Amino acid sequence: MRYYLRRFYKTVEGEVLVIPGRTMGAIGILFLFFVGFLNISGHLKNVLTLCTIFALFAASWDLLFFSGQLNLGHGAFFGASAYTSAILSSKLGLPIWMTIPLGALTGVVIGVVVAIPALRLRGPYLAIVTLAVPVILQGIVFLFPDFTGGELGLFGLSPISESPTFRYHLCLVIMLICVGIMWKLTDSRSRMIRTGIIFSAIREDEVSARTSGINTVRYKILAFALSGFFAGIAGGLYAHTMKVVGPSTLEFLFSIYPLIWTVFGGSWTIYGPVVGAYLLYFLSMQLLVIVPEIRMALFTAIIIVMILFMPEGITRWIRDKIEIRCPRCKVINTRRRKSCRICEAPLQLTREEKERKKEIAF
Amino acid sequence: MQVLISTVVLGTVYAVLALGFSLIWGAARIVNMAYTSFYMLAAYFFYVFYSPAHLNIFVSAILAVLAASLIGVMTYKFLLEPIRFHEIVVVLVSISLAFFFEEIILSIFGIVFRRVPPFIPGYRELFGVRVLNQHFLAFGVGILLIVGLWLFLSKSKTGIAIRATSQDREIVNVMGISEKKVSLIAMSIGIGFVTISSVIVSPIYVVEPLMWLHPIIMVLACVVLGGLGSLKGSFIAAYLLAFSEVAVVNWLPNGAFIKSAVALLVMVVVLSIKPEGLFGAFFEEERL
């Protein structure tokens, strides 16, 4: 028993504590669990739950963006899944553990359907076609008001749980598991899972990826399906948290939010969108309390200023400040170290090298 | 007949907006999502100058165009130009800008529909249908702008520089054309287009803080449907989309709810068949 505890501690020390970014992440996760037990108001807990759901939503957008597909209609996956969960729950009375997975399956279906035209399109064309998808779905919602509730939406869904604390923790655990899976899927350095490196190859240069024998069609459809699946889980959770699903989930704004969160947090990192969603959604909700009149104006002004200051996103900006990758063995090190912790290669450039680099830049 | 006339007017508006947008996209390579928020700003400036400030209608229209264009060019110069090469960040900043303007307008004027008087009141009978004189004016000014742009791009030196920039940025810099300056000029023309069309059109439709959202989606659809960088393509696509919208509103029950859905469905179908748009050239790999 003590052996296992010590081994666990050693693993944590070797894998997490030596890397400041991971330490911060671990502290953040522990803090999020801890916040749930605090005696805070139910409203604040609901806001945190929504933050968690939107973090998952934004991370699923980033998964698609990681493979180079700019999706401006991510609300389609989310909204379709939320509607499916809502219809299954309110019309058929299915329990939650069935409606959310079935909603996620709808997300997958929509993802594959969107992927079919997306295979032939790229860049701005793809962005605009995906932008059209939620608008078309919204049209379908308005066409069948008996079934979908029309403009008012569906309400009276069964909640996940009566206790807000349990609800928050459940959402948090689901979010962490899903984000962890996505993070592993996009890990380009992994030897076991090849999707990460293949997705980034497609993003960087699709033609080269195809010429090196990667079936880009299959992997793009896979990216859309995975992204739809995780966005679908977020949609199902959202439906059961809000207990009402309206056409607003298919609005333009809802498809833009993941983009804002992801780019603010740092794209192509998976954890960036999570941080971005937590910070920005919480900020916008707090602004609603403090200055309700000009909250959106202030909110967007903050976003614009921050992004002009750090166009790479907040997590990447912090990561570059505190971490450095060893040039020889590619292991992450603390910024302060002079030599790599594994292979002892010098990390900081000497003065001569810095000057040479400056000359090259000129 | 009513459908046809509405199509022509709406199509002209979309065409003007889409041409300005594709000009900006071609020369400056930015997807400016805040583009139609200047459409909204100009309409509100027009309203302010005309109604509370009691200026002459033409003076207020010109002032509105100038003020909104100035804001548009300033935002480009100070906000979008420094980050022009981060494509996705440009999208983020311009969307944030659009929401920023929307909220500012919303907090000043509230969500009330405003009306602006037409330049030439009255109507005329055309094939048994009453057509407002403002419709004629909108159509005329739109066509004038389009023809003017076409002449400018094909004849003048600056126009040729803009076209060259949209084809190859590096070579343009080598040939001694300042790519930054050309981008700024193209941006000013695009913003000018959007503000002028706004002032002409706002008497026909209502002025409200959310009036930018629907046009930006349709403009993006037009530009993409016509093929990026093809002015002729966006022109034809604008009429096609305008027709599908107007037809749905007029001929289907509940049409107003699903008009954009049907128009965008048309776009998706066309793009699935012809991925490079109606008149777009197909680039296998674009050099940036």
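We name chains A, B, ... by the order of the sequence lines, and we start the count at 1 in each one. Here the structure is a predicted model, which means the values were calculated and not measured.
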Heavy-atom contacts under 4.5 Å, residues 300-311 of chain A to chain B:
A:Thr300, A:Ala301, A:Ile303, A:Ile304, A:Ile307, A:Leu308, A:Pro311

What residues of residues 262-281 of chain A sit under 4.5 Å from chain B when only non-hydrogen atoms are counted?
A:Val263, A:Phe264

Identify which part of [X] has an atom lying under 4.5 Å from any heavy atom of chain B, answering side chain, backbone, both or neither.
X	answer
A:Ile128	both
A:Phe299	neither
A:Leu70	side chain

Candidate pair A:Ser60 and A:His74, rule side-chain hydrogen bond (donor to acceptor under 3.5 Å, both in side chains), full reasoning
CA-CA 9 Å; A:Ser60 74; A:His74 211 61; 2.9 Å; yes

Main-chain N/O of [Y] paired with [X] side-chain donor or acceptor, under 3.5 Å:
X	Y	answer
A:Thr186	A:Met182	yes
B:Tyr14	B:Met218	no
B:Tyr76	B:Asn32	no
A:Arg295	A:Ile290	no
A:Ser200	A:Gly196	yes
A:Ser67	A:Phe199	no
B:Ser198	B:Ala43	yes

Which atoms of [X] come close to chain A, meaning under 4.5 Å heavy atom to heavy atom: side chain ones, backbone ones, both, or neither?
X	value
B:Leu213	side chain
B:Val31	neither
B:Leu225	neither
B:Ser107	side chain
B:Ile95	side chain
B:Ile83	side chain

Salt bridge or not between B:Arg29 and B:Glu179? Use side-chain N to carboxylate O under 4.0 Å.
no

Between A:Lys220 and A:Glu206, does any side-chain N to carboxylate O distance fall below 4.0 Å?
yes

B:Phe99 and B:Trp212 aromatic ring geometry - parallel, tilted or perpendicular at 30°/60° bounds:
perpendicular

Mind telling me whether A:Tyr257 and A:Trp261 have parallel, tilted or perpendicular rings, with 30° and 60° as the class edges?
parallel

May I ask you to check whether A:Phe65 and A:Trp61 place their ring centers less than 6.0 Å from one another?
yes

Less than 6.0 Å separating the ring centroids of B:Tyr239 and B:Phe243?
no

